Chemist: 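I'd like to ask you about the structure that follows.
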Amino acid sequence: MGSAEDAVKEKLLWNVKKEVKQIMEEAVTRKFVHEDSSHIIALCGAVEACLLHQLRRRAAGFLRSDKMAALFTKVGKTCPVAEDICHKVQELQQQAEGRKPSGGSQEALRKQGSTGGKAPALSPQALKHIWVRTALMEKVLDRVVQYLAENCSKYYEKEALLADPVFGPILACLLVGPCALEYTKLKTADHYWTDPSADELVQRHRIRGPPNRQDSPAKRPALGIRKRHSSGSASEDRLAACAREYVESLHQNSRTRLLYGKNNVLVQPKEDMEAVPGYLSLHQSAENLTLKWTPNQLMNGTLGDSELEKSVYWDYALVVPFSQIVCIHCHQQKSGGTLVLVSQDGIQRPPLHFPQGGHLLSFLSCLENGLLPRGQLEPPLWTQQGKGKVFPKLRKRSSIRSIDVEELGVGRATDYVFRIIYPGHRHEHNAGDMIEMQGFGPSLTAWHLEPLCSQGSSCLSCSSSSSPYATPSHCSCIPDRLPLRLLCESMKRQIVSRAFYGWLAYCRHLSTVRTHLSALVHHNIIPPDRPPGASGGLTKDVWSKYQKDEKNYKELELLRQVYYGGVEHEIRKDVWPFLLGHYKFGMSKKEMEQVDTAVAARYQQVLAEWKACEVVVRQREREAHPATLTKFSSGSSIDSHVQRLVHRDSTISNDVFISVDDLEPSGPQDLEDSKPKREQEPGAGTPGIAAAEQQSVEFDSPDSGLPSSRNYSVASGIQSSLDEAQSVGFEDDGAGEDGSEGPATAAHTFPGPHDPGQETLAPASELEAGQELAAVCAAAYTIELLDTVALNLHRIDKDVQRCDRNYWYFTTSNLERLRDIMCSYVWEHLDMGYVQGMCDLLAPLLVILDNDQLAYSCFSHLMKRMGQNFPSGGAMDSHFANMRSLIQILDSELFELMHQNGDYTHFYFCYRWFLLDFKRELLYEDVFAVWEVIWAARRISSEHFVLFIALALVEAYREIIRDNNMDFTDIIKFFNERAERHDAQEILRIARDLVHKVQMLIDNK
Amino acid sequence: MAQTAMSETYDFLFKFLVIGNAGTGKSCLLHQFIEKKFKDDSNHTIGVEFGSKIINVGGKYVKLQIWDTAGQERFRSVTRSYYRGAAGALLVYDITSRETYNALTNWLTDARMLASQNIVLILCGNKKDLDADREVTFLEASRFAQENELMFLETSALTGENVEEAFMQCARKILNKIESGELDPERMGSGIQYGDAALRQLRSPRRTQAPSAQECGC
């Protein structure tokens, strides 16, 4: 009974704590708390629940429906602070009453629209909690609660929370913080508040980062993915405040006792990092013994450091509650001593390296003292007269076993394994742990289970049973009492079966992994360190060596360097065409030149082709315009078809062409020449369109109503000389402004052996007609083609104009180049047409390559993969499906959260990521870095590396997603807001790790 | 919906869409509404973007959850998946582009078919500030709106004119429909949710007239 009561009280108090924390966080991140903030309401609710707990019914008036009102009124009689609140609340209520008569909904609407009233209406929630809320706003809630706690006998039953000698004052103390805050009625810039922004969420997460991790030791960190909050944009002063707070927590204070402190203890936070010196401290609070290690960089608190640097060090800081630690490995070396903490789940904490001079021993002895009375070190330290504590002397046999393989040339008796045991509490303690444990970990060995013991210690790198004391000392107490022994037996069985099922589940899990994921990654692992140096990336030096000696360089080795370290910016221009497949690795200079020449020729041709077509399109538009105007003024009903720029009510059917007289006769050899050329043109649309593309057209404009004699001759891009191509498209010789130039230009254009103007694919009748009329190069565009081109040009123009206009590179002239390349590509892929997003993919290529032909070619290569993601492709759905499997396997906790929050598993929040290869998520510099890794990854680790980047993005924010219980919409919003603020290198690192992880899972059969 | 950690002092949550052809200024309208600023460097939208804001409509706090969609019809297959359960939509065209106006019927059909028959739509003729280039008259569009039972405003995301009004009018109409019982927030796919804070007093229309002050029992 008593404990149940306590549990209720604890729960009530816990709710208050939670809300206080929220509100204080809001105050920190927003500098003030809005009066209408939902956190206030929530806090009021929680406090009210506490105040109502076991309120005395008999006390006068407490039978009334509004108990808060009664309570405050009653308290007000003896407590002046509460009396003030009573007055305030009455005023507020009168105001609310006063508003009511005019509260017809229309009336209220108008009022709200004009933001008129002096006193803004309290929301219904605010009214509900008006008493507590008012006290809070007046900053006296803590005092009122304090008063209630002090005079609890008057108002509360004995079991009440407020009557509790501990809980009552705690509640009052908790409220001191919120009562010190500034509450404001000021409307924020946007008049009303909105959801916390992504920045704010990231910052909040940073504030509570370290303790949060420690809160949930039982949660499996997704197969060991190391989490790190990305760098955000917290303002300096907040961070400093947060740092200060942390540093203050390292001092001795009323709640925690400082048992041990030592500076310049070295920790190597990451594998590839140098050890960092920091301050090691041991804190003892009522329940817990906690070890903290803080890098010196944080301790100094120098504000000059860049924020990023700080955030990195925050991640290195250690906070380890000893309740999680089961054993301690000690290694003594000449240079000092190293200590490794191993937690229940078998995870080793980063080694702590003590300087010379017995610090390790003194730390251990402090620790031993700190563990008392409940816990102790096993084996205990020995006390030697005159010397104080010394390391225990171990039997030789065991010390051999305990030598760590990694330790070199150290004496035998210098390595120790201590276990932390809690003799009195052992059984319930460990039983509790077992339930939290997932799978089977090394703590099984603590159970002295013969069958498992050997298995457990042999399969795990850290073998806690290697201590000679482990087995005998541990089991010695068990035979003492029979019931206990029986209990242990049954637990043993449970554990064995649990372990078995855990193993079974694990095997099933692995089989899922293998079936679903094995296609996503390459099975052979190409590591960064064999040969070493790949993490430095592809440097200028390496590249120039390659260029001198193409044949002797292995493509894979170069790609490996790109994959692990990117490309030095200066040589991106040279390397990218290789990565994208424009050049092949190993090509000689001459071969490269050949490729370039071919591509340039091709590009110029395509350019000329569509530019020719564009002129016709423009001409039609001009003539259609009057018609549009007519339509505009008539106010006719809406055309329900997909809009066309040009009206389709043409009287001319698709295949009708009227040729014009042309200027140059054609030789029959032209026809033959055009054939091979056609064949090497890939993707020139459907045959019908292809035919038309190659033709010149002349036709009646359907909308113009002009006589048919006003024809245009249109030459397709058929230049043999490349330098002319830019200037020559075709000319409108009939109606255009430059009509007079038409014949001259055409004369330049048409002669030449490469002239493909005679389209062999064109319908025979048409061709005949053309020949009859001597329309050598006059080919025809179908109306459909013109419509399609017009539509695409229009879309391209719209998007090019607004493509990355903030980026320095995109001046008007460069945007023009972007447009040319884009139109050329689309001209060749009219079946797919221009789709929004293509500009985004082309833009970074142009920025780096700064060469139209090259960008065109590389873009065409890029689109071979990326085209699949566009709506006509279908790759997007498989991306989503793969994401789902990956998250399910690599982060089951997050997967379940997503699952329970509904629609989530569709992963639409990744849509833009995949469509544009993260181009919109990252800054330009980062886009370069990420793209080249994606391209290199195809050969190095995974053809679906984008999946792992996406997963890395999710993982980088997984705590925020989890802690805020975000649903689908929250996530989309969050990532939209986080765009261009990710730490790309970190994301890449996580992504590479994830690939590696999946490779290992698959490998590990 | 699980939003326990987010702000939720609102009575209702309405899901809104902003739809219309590419380049009509949908994202700018949303940005102007939320940030009160014209976004002069916006890129075309890919997939969907998202904004939310709590507004006060007639004493009710309404959280608008606004989905800004990609305009190009090639993306309709994608954006359509967001239509489900939308309570309101801004149907946007560009007054300087007849083409965008001509496409409205398609958008309208999509919205009514995919979101809900009862979706409350407001037609927005955007770029009102570019009156010199106007290709669609006010009269014409308002006639169209009338024929199709749409509310209608001409807006300018540049100046902010009528932008908030567009969202407000739409939200207000939905609220009215809830009050009159025409819309049932409890129905699946209505695009309306009660906020955690909602007291649900709207469900009995008579009592809605008075704010719930007296329910405090004071």
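In what follows, every chain begins at residue 1, and chains take the letters A, B, ... in the order their sequences are listed. These figures come from a predicted structure and were not determined experimentally.
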Chemist: Does the side chain of B:E49 reach to within under 4.5 Å of the side chain of A:R912, using non-hydrogen atoms?
Modeler: yes
Chemist: Which pair of non-hydrogen atoms, one from B:A22 and one from A:Q836, has the smallest distance, and what is that distance?
Modeler: CB-NE2, 3.5 Å
Chemist: Calculate, to the nearest 0.5 Å, the distance between atoms SG and CZ belonging to B:C28 and A:R802 respectively.
Modeler: 8.0 Å
Chemist: Students often mix this up, so state it plainly: with edges at 30° and 60°, are the rings of A:Y911 and B:F75 parallel, tilted or perpendicular?
Modeler: perpendicular
Chemist: Looking only at heavy atoms, what is the nearest atom pair of B:T100 and A:K798, with distance?
Modeler: CG2-NZ, 4.4 Å
Chemist: Which one wins on heavy-atom pair count under 4.5 Å against chain A: B:T45, B:D40, B:T109, B:D41?
Modeler: B:D41
Chemist: By a 4.5 Å heavy-atom criterion (distance strictly below it), what part of A:Y834 contacts chain B: side chain, backbone, both, or neither?
Modeler: both
Chemist: Sort B:S42 into side chain, backbone, both or neither according to what part of it lies under 4.5 angstrom from a heavy atom of chain A.
Modeler: both
Chemist: If we only count heavy atoms from C-beta on, is the B:Q65 to A:K973 side-chain gap below 4.5 Å?
Modeler: no
Chemist: For residues A:I972 and B:W67, determine if any side-chain heavy atom of one lies less than 4.5 Å from a side-chain heavy atom of the other.
Modeler: yes
Chemist: If you define the side chain from C-beta out and look only at heavy atoms, does anything of B:N43 sit under 4.5 Å from A:D840?
Modeler: yes
Chemist: Is B:Y82 in contact with chain A via its backbone, its side chain, both, or neither, using a 4.5 Å heavy-atom distance?
Modeler: side chain
Chemist: Against chain B, work out which of A:V835, A:L915, A:D804 has the most heavy-atom pairs shorter than 4.5 Å and name it.
Modeler: A:V835
Chemist: Under a 4.5 Å heavy-atom cut-off, does chain B meet the side chain of A:I40, its backbone, both or neither?
Modeler: neither
Chemist: If every non-hydrogen atom of A:G837 is compared with every non-hydrogen atom of B:H44, which pair is closest and at what distance?
Modeler: N-NE2, 3.4 Å
Chemist: Under 4.5 Å from any heavy atom of chain B, what part of A:N976 do you find: side chain, backbone, both or neither?
Modeler: side chain
Chemist: Give a yes or no on whether B:Q146 atom CD has more than 12 heavy-atom contacts from other residues, nucleotides or ligands under 6.0 Å away.
Modeler: no
Chemist: I want to check something: taking the side chain as every heavy atom from C-beta on, are B:F50 and A:D970 in contact at a cut-off of under 4.5 Å?
Modeler: no
